[in-house]
Colleague: 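I have a structure here, written as structure tokens, and I will follow up with some questions on it.
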Amino acid sequence: MSERRACQASGIARSTLRYRPVARDDSGVITFIQTHMALNPCHGFGLLYDSARHQGKPWGKTVLWRVYCELRLNLPRRGMKRLPSRIKQPLHAAGQPNQGWSCDFMSDALWSGRRFRTFNVIDEFNREGLRIEVDTSLPAARVIRALNELVEVRGAPLSIRLDNGPEFIAQALAQ
């Protein structure tokens, strides 16, 4: 049986029999990536690709990404910053007003999409809202000022309970 009839009987194209794969020559891409990363070790793929576009290199994004991954240069993503572990203490119910305060931050957005934050101080005995600071940014100095003004008006409580958020880690607030 001829090659033509055999391919027709089996249902495959004749070109697949004569196909010879062409080896990829990535030497130019590899040297470009290695020289760029030697000069800029902190750059990721995005800046590498921008540099290749700026220099007018002919390789596309997929070729650069394939070689970039083959060279094992794709950096792992940064993880979340871990908060320091807190000492767990049992909760005690307040017996009278101004014995304990709870402080917390909340955030919301306006209809236009603009975000704002609130700093809330609540009396634990009667759930009275003692102070609410509202702004788009609440730095530690503003929180300290709000707490000092509240202490001047109501007196210092026996305990202040803070949430575990990163807002209360500021050194100025700790002092």
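Heavy atoms only: backbone and side chains are in, while hydrogens, waters and symmetry mates are out.
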Colleague: Assigning hydrophobic clusters by single linkage (Ile, Leu, Val, Met, Phe, Trp, Tyr; side-chain heavy-atom cutoff under 4.5 Å), is L48 placed with I30?
Modeller: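 Yes: a chain of side-chain contacts under 4.5 Å links L48 to I30.
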Colleague: What is the distance from atom CZ of R66 to atom CG of L71, rounded to the nearest 0.5 Å?
Modeller: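 Going from the CZ atom of R66 to the CG atom of L71 covers 10.5 Å.
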Colleague: Looking only at non-hydrogen atoms, find the nearest pair between L17 and C7 and report the distance.
Modeller: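 Residues L17 and C7, closest heavy atoms: CD1-SG, 3.2 Å.
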Colleague: Tell me the closest heavy-atom pair linking D123 and R154, and the distance in Å.
Modeller: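 That would be OD2-NH2, 3.5 Å.
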Colleague: Do the side chains of V67 and W59 get nearer than 4.5 Å, heavy atoms only?
Modeller: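 Not touching, per the 4.5 Å side-chain cut-off.
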Colleague: At what distance, to the nearest 0.5 angstrom, does CZ of R4 lie from CE of M1?
Modeller: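 These two atoms lie 13.5 Å from each other.
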Colleague: Can you give me the closest heavy-atom contact between C103 and I160, atom names plus distance?
Modeller: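 That closest heavy-atom pairing would be SG-CG2, 3.7 Å.
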Colleague: Stepwise, does the salt bridge (charged side-chain N to carboxylate O under 4.0 Å, His left out) test hold for R18 with E3?
Modeller: CA-CA 11 Å; R18 295 191 180 97; E3 178 184 307; 3.0 Å; yes
Colleague: Decide yes or no for L150 and V121: does some side-chain heavy atom of the first lie under 4.5 Å from some side-chain heavy atom of the second?
Modeller: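 Touching, per the 4.5 Å side-chain cut-off.
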Colleague: Shared ILVMFWY cluster between L73 and L64, side chains joined below 4.5 angstrom?
Modeller: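 Yes, it is one cluster - the side chains of L73 and L64 are joined through contacts under 4.5 Å.
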Colleague: Counting distance only, does the side-chain N/O of S51 pair as donor-acceptor with the main-chain N or O of L47 below 3.5 Å?
Modeller: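 Not confirmed, S51 side chain does not pair with L47 backbone.
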Colleague: For the residue pair E124 and S102, what are the closest heavy atoms and their distance?
Modeller: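 Closest approach of E124 to S102, heavy atoms only: OE2-OG, 2.8 Å.
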Colleague: Measuring from H54:NE2 to Y49:OH, what's the distance to the nearest 0.5 Å?
Modeller: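 So the gap between those two atoms works out to 14.0 Å.
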Colleague: Under 6.0 Å from the CD atom of E128, do we count more than 12 heavy atoms belonging to anything else shown?
Modeller: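 Atom CD in E128 is crowded, with more than 12 foreign heavy atoms closer than 6.0 Å.
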Colleague: Quick one: which residue pairs count as a salt bridge (charged side-chain N to carboxylate O under 4.0 Å, His left out) with a foot in residues 37-52, not counting sequence neighbours?
Modeller: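 For residues 37-52, and leaving out neighbouring residues, there are no salt bridge (charged side-chain N to carboxylate O under 4.0 Å, His left out) pairs at all.
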Colleague: Who are the ring pair (Phe, Tyr, Trp, His ring centres under 6.0 Å) partners of F45, not counting sequence neighbours?
Modeller: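 W65, Y68.
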Colleague: Please determine whether residues F116 and I132 belong to a single hydrophobic cluster, defined as Ile, Leu, Val, Met, Phe, Trp and Tyr linked transitively by side-chain heavy-atom distances below 4.5 Å.
Modeller: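 Both belong to a single hydrophobic cluster.
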Colleague: To the closest 0.5 Å, what do you measure between CZ (R14) and OG1 (T16)?
Modeller: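 Nearest 0.5 Å value for the CZ-OG1 distance: 10.5 Å.
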Colleague: Rounded to the nearest 0.5 Å, how far apart are OG1 of T118 and CG of D108?
Modeller: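 Reported value, rounded in 0.5 Å steps: 8.5 Å.
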Colleague: Is there side-chain contact between T35 and L39, with at least one heavy-atom pair below 4.5 Å?
Modeller: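 They are not in side-chain contact.
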Colleague: For D135 and S137, test the side chains for any donor-to-acceptor distance below 3.5 angstrom and give the result as yes or no.
Modeller: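 No pair is found: no donor N or O on one side chain lies under 3.5 Å from an acceptor on the other.
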Colleague: Hey, could you give me the SG/CG distance between C69 and N74, rounded to the nearest 0.5 Å?
Modeller: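 Here the interatomic distance stands at 4.0 Å.
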Colleague: Locate the shortest heavy-atom distance separating E133 from A146; write the atom from each residue and the value.
Modeller: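 Heavy-atom minimum between the residues: CG-CB, 3.8 Å.
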Colleague: Treat each ILVMFWY residue as a node, draw an edge where side-chain heavy atoms are under 4.5 Å apart, and state whether F125 and L158 are in one component.
Modeller: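 Shared cluster, no.
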Colleague: Under a single-linkage definition using a 4.5 Å side-chain heavy-atom cutoff for Ile, Leu, Val, Met, Phe, Trp and Tyr, are V151 and F119 assigned to the same hydrophobic cluster?
Modeller: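 In one cluster: yes.
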